Chemist: 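The structure follows.
Computed from a predicted structure; not experimentally measured.
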Amino acid sequence: MHCHIVITVVFWSICVDSQKIRGISLSYKRFYRERQSFLCIDGSKLMSFDHVNDDYCDCSDGSDEPGTAACPNGRFYCTNLGYRPHYIPSSRVNDGICDCCDASDEDNNSHTPCRNTCRNLGQRERADVQSQMRTLDEGLRLKQQIIQESVLIWQEKQAQLLDLQRVADDLQTQLDNLRQQEAKKNEEVEKLREAELEARETAENNQNRTKSPLNIFQELDSNRDGSITLDEVQAKLIPIPDEGRGLSEDEAVVLLGGAHQVDLSRFEETLWTSLKMGDRVMIKERLRGVPSSVAEDDTYIKAAMSAAEKVAADMKKVEDSYETVYMEIRDLREKLATDYGEHREFLLLHNQCFQLKVNEYIYELCPFNQVTQTGTSGAEMSLGKWGSWTGTPENRYCQMKYEGGEPCWQGPSRNTVVRLICGTETALRSVKEPSKCQYVMELQTPVACQQAQRKQGVHSEL
Ligand code: MAN
């Protein structure tokens with residue numbers, strides 16, 4: 001009998017105690033050990049222990065009411081055995097909504113029948129963590145392969161750069177030689193032209209000298225009216241050295257001493273002097289009668305000119321090849337100077353593009369290059385060009401920034417932050433625009449998997 005009474009008292013006192021100190025964590029239990037009195041945790045007030053969880057707020061820090069909604073700043077501890085313990089604001093206690101998965105925030109008097117779902121939640125979360133760990137393991141394995149591949153590609157690119165530099169040097173030498181040849185050929189053509197001109201002038205002078213001014217006057221006076229007109233001058237004479245074209249009216253007027261027609265005596269004072277000296281003008285007919293040595297010179301000139309043209313054409317070809325090689329070298333150098341991560345593991349992402357359709361837009365990310373957004377009209381909008389790595393101090397390679405895109409209407413340029421998340425495939429997983437013209441993308445890739453994530457995963461395991 002005595003024994004029965006003792007057991008009943010102990011059981012009752014445990015029930016009372018546990019009910020009174022609802023909503024506190026194990027580490028706070030020591031503040032609520034049943035005594036005659038309770039001291040607020042901030043030390044502000046001492047009171048009888050009956051005041052704990054009596055649904056009246058006595059302590060300014062809310063510590064006397066951990067299990068009721070009485071204190072506005074109080075907090076309730078959900079023990080959530082089998083899942084994650086956490087605090088909720090005590091205003092949510094007995095409010096008819098189940099907040100703790102162990103149902104502890106709604107007491108038996110509450111009308112809400114709360115079920116304990118912690119076990120299920122815990123199982124689901126453990127399964128999730130395990131699946132994440134499997135993904136991480138696979139991702140890390142793939143990353144290792146990618147690193148090995150990147151090393152090879154890097155070496156290949158270095159060798160390619162050396163080859164291209166050699167080709168560029170060779171082309172440069174060819175260009176130098178061709179430039180010298182071109183200068184020589186042009187000089188030759190120039191010399192031949194001068195010689196030809198001289199020969200023409202001499203021949204013309206000789207021919208004019210053998211004829212009297214009267215002979216020439218009669219030759220030019222086509223209608224035999226005793227005067228030479230501008231028309232007759234233009235019909236019979238051609239300019240030196242520009243024999244290909246005719247004389248202009250102004251030139252004819254100058255040759256006739258400013259007159260529009262001249263008689264024999266005026267002819268002798270004006271046009272005859274020019275013809276005699278082979279100065280500026282010659283009789284068209286004489287062109288056919290130019291001596292053979294001069295005609296031969298013309299053939300030489302043509303040959304020299306075509307040789308010069310060939311050199312110029314060769315040079316153009318070499319210059320074009322040099323330009324192509326130079327651009328390849330520039331691109332390659334730019335690539336080799338890019339930060340592709342600690343082990344150059346991001347190298348393979350360069351030259352790849354990833355797309356995702358979100359609402360009416362198709363977003364495209366081309367790592368280390370640019371981000372674009374294409375609307376239904378097909379118009380492409382730049383959301384930024386490759387800027388830099390902007391991750392955390394521990395891992396700067398977990399985030400990229402693309403800047404200087406199309407300006408936003410009445411705002412700054414569009415820009416994009418790309419968060420890299422670990423996965424077994426490389427793909428664009430989400431695109432958001434949390435504020436106008438500022439985009440956030442998630443790119444999943446094995447390259448983003450980190451050994452350190454294993455520790456985080458283990459720690460989050462329940
Ligand atoms: C376009 C898109 C949107 C952006 C607006 C801003 O419609 O680029 O993403 O919010 O312009 O005017």
Chemist: Work out which heavy atom in Thr79 is nearest to a heavy atom in Asp102; give both atom names and the distance.
Modeler: N-OD2, 3.4 Å
Chemist: Please answer whether the main-chain N or O of Tyr363 pairs with a side-chain N or O of Thr374 as donor and acceptor at a distance below 3.5 Å.
Modeler: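 Looks like no, no N/O pair under 3.5 Å.
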Chemist: Distance from Arg419 atom CZ to Cys398 atom SG, nearest 0.5 Å?
Modeler: 9.5 Å
Chemist: Does the Thr424 side chain pair with the main chain of Thr135, one donor and one acceptor, at a distance under 3.5 Å?
Modeler: no
Chemist: Do the ring planes of Phe267 and Phe217 sit parallel (below 30°), tilted (30 to 60°) or perpendicular (above 60°)?
Modeler: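 Rings of Phe267 and Phe217: perpendicular, over 60°.
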Chemist: Taking Asp221 for the side chain and Gly226 for the main chain, is one N or O donor matched with an acceptor at less than 3.5 Å?
Modeler: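 Present.
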Chemist: What are the two closest non-hydrogen atoms of Val281 and Leu237, and how far apart are they?
Modeler: CG2-CB, 3.6 Å
Chemist: Would you give the length of the straight line joining atom OG1 of Thr376 to atom CG of Asn359, rounded to the nearest 0.5 angstrom?
Modeler: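 These two atoms lie 11.5 Å from each other.
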Chemist: Charged N to carboxylate O below 4.0 Å: is that the case for Arg245 and Glu251?
Modeler: yes
Chemist: Between Thr372 (side chain) and Ser382 (backbone), is there a donor-acceptor pair under 3.5 Å?
Modeler: no
Chemist: If every non-hydrogen atom of Leu256 is compared with every non-hydrogen atom of Ile228, which pair is closest and at what distance?
Modeler: CD1-O, 4.0 Å
Chemist: With heavy-atom distances below 4.5 Å as the criterion, would you say the side chains of Arg141 and Asp137 are in contact?
Modeler: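 In short, these two side chains do not touch, never coming nearer than 4.5 Å.
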Chemist: Determine, for Arg193 against Glu188, whether the closest basic-nitrogen to carboxylate-oxygen distance falls under 4.0 angstrom.
Modeler: no
Chemist: Report yes or no: is the SG-SG distance between Cys114 and Cys98 under 2.5 Å?
Modeler: yes
Chemist: So which atom in Leu264 and which in Pro213 form the shortest heavy-atom distance, rounded to 0.1 Å?
Modeler: CD1-O, 4.3 Å
Chemist: Search all heavy atoms of Asn73 against all heavy atoms of Ser60 and return the closest pair with its distance.
Modeler: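 Result for this residue pair: ND2-O, 2.7 Å.
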Chemist: Within the distance-only criterion (no hydrogens, no angle test), does the side chain of Lys236 pair as donor or acceptor with the backbone N or O of Ile283 below 3.5 angstrom?
Modeler: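 Here the side-chain-to-backbone pair does not exist.
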Chemist: Using a strict 4.0 Å threshold on nitrogen-to-oxygen distance, state whether Glu187 and Lys184 make a salt bridge.
Modeler: no
Chemist: How many angstroms lie between CD in Gln453 and CD1 in Ile421, if you round to the nearest 0.5 Å?
Modeler: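 Rounded to the nearest 0.5 Å, the CD-CD1 separation comes out at 10.0 Å.
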Chemist: Are we looking at SG atoms under 2.5 Å apart for Cys449 and Cys422?
Modeler: yes
Chemist: For the atom pair CD1 (Ile329) and CG (Leu336), what is the distance rounded to the nearest 0.5 Å?
Modeler: 11.5 Å
Chemist: Could you tell me if the ring centre of Phe368 sits under 6.0 Å from that of Tyr340?
Modeler: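 Centroid distance Phe368-Tyr340: below 6.0 Å, so yes.
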Chemist: For residues Ala252 and Gln234, report the shortest heavy-atom separation together with the two atoms involved.
Modeler: CB-CG, 4.1 Å
Chemist: If the plane angle is over 60° it's perpendicular, under 30° parallel, otherwise tilted; pick one for Tyr326 and Tyr322.
Modeler: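 Parallel, since the angle between the ring planes stays under 30°.
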Chemist: Considering only heavy atoms from C-beta outward, does the side chain of Asn369 approach that of Lys385 to under 4.5 Å?
Modeler: no
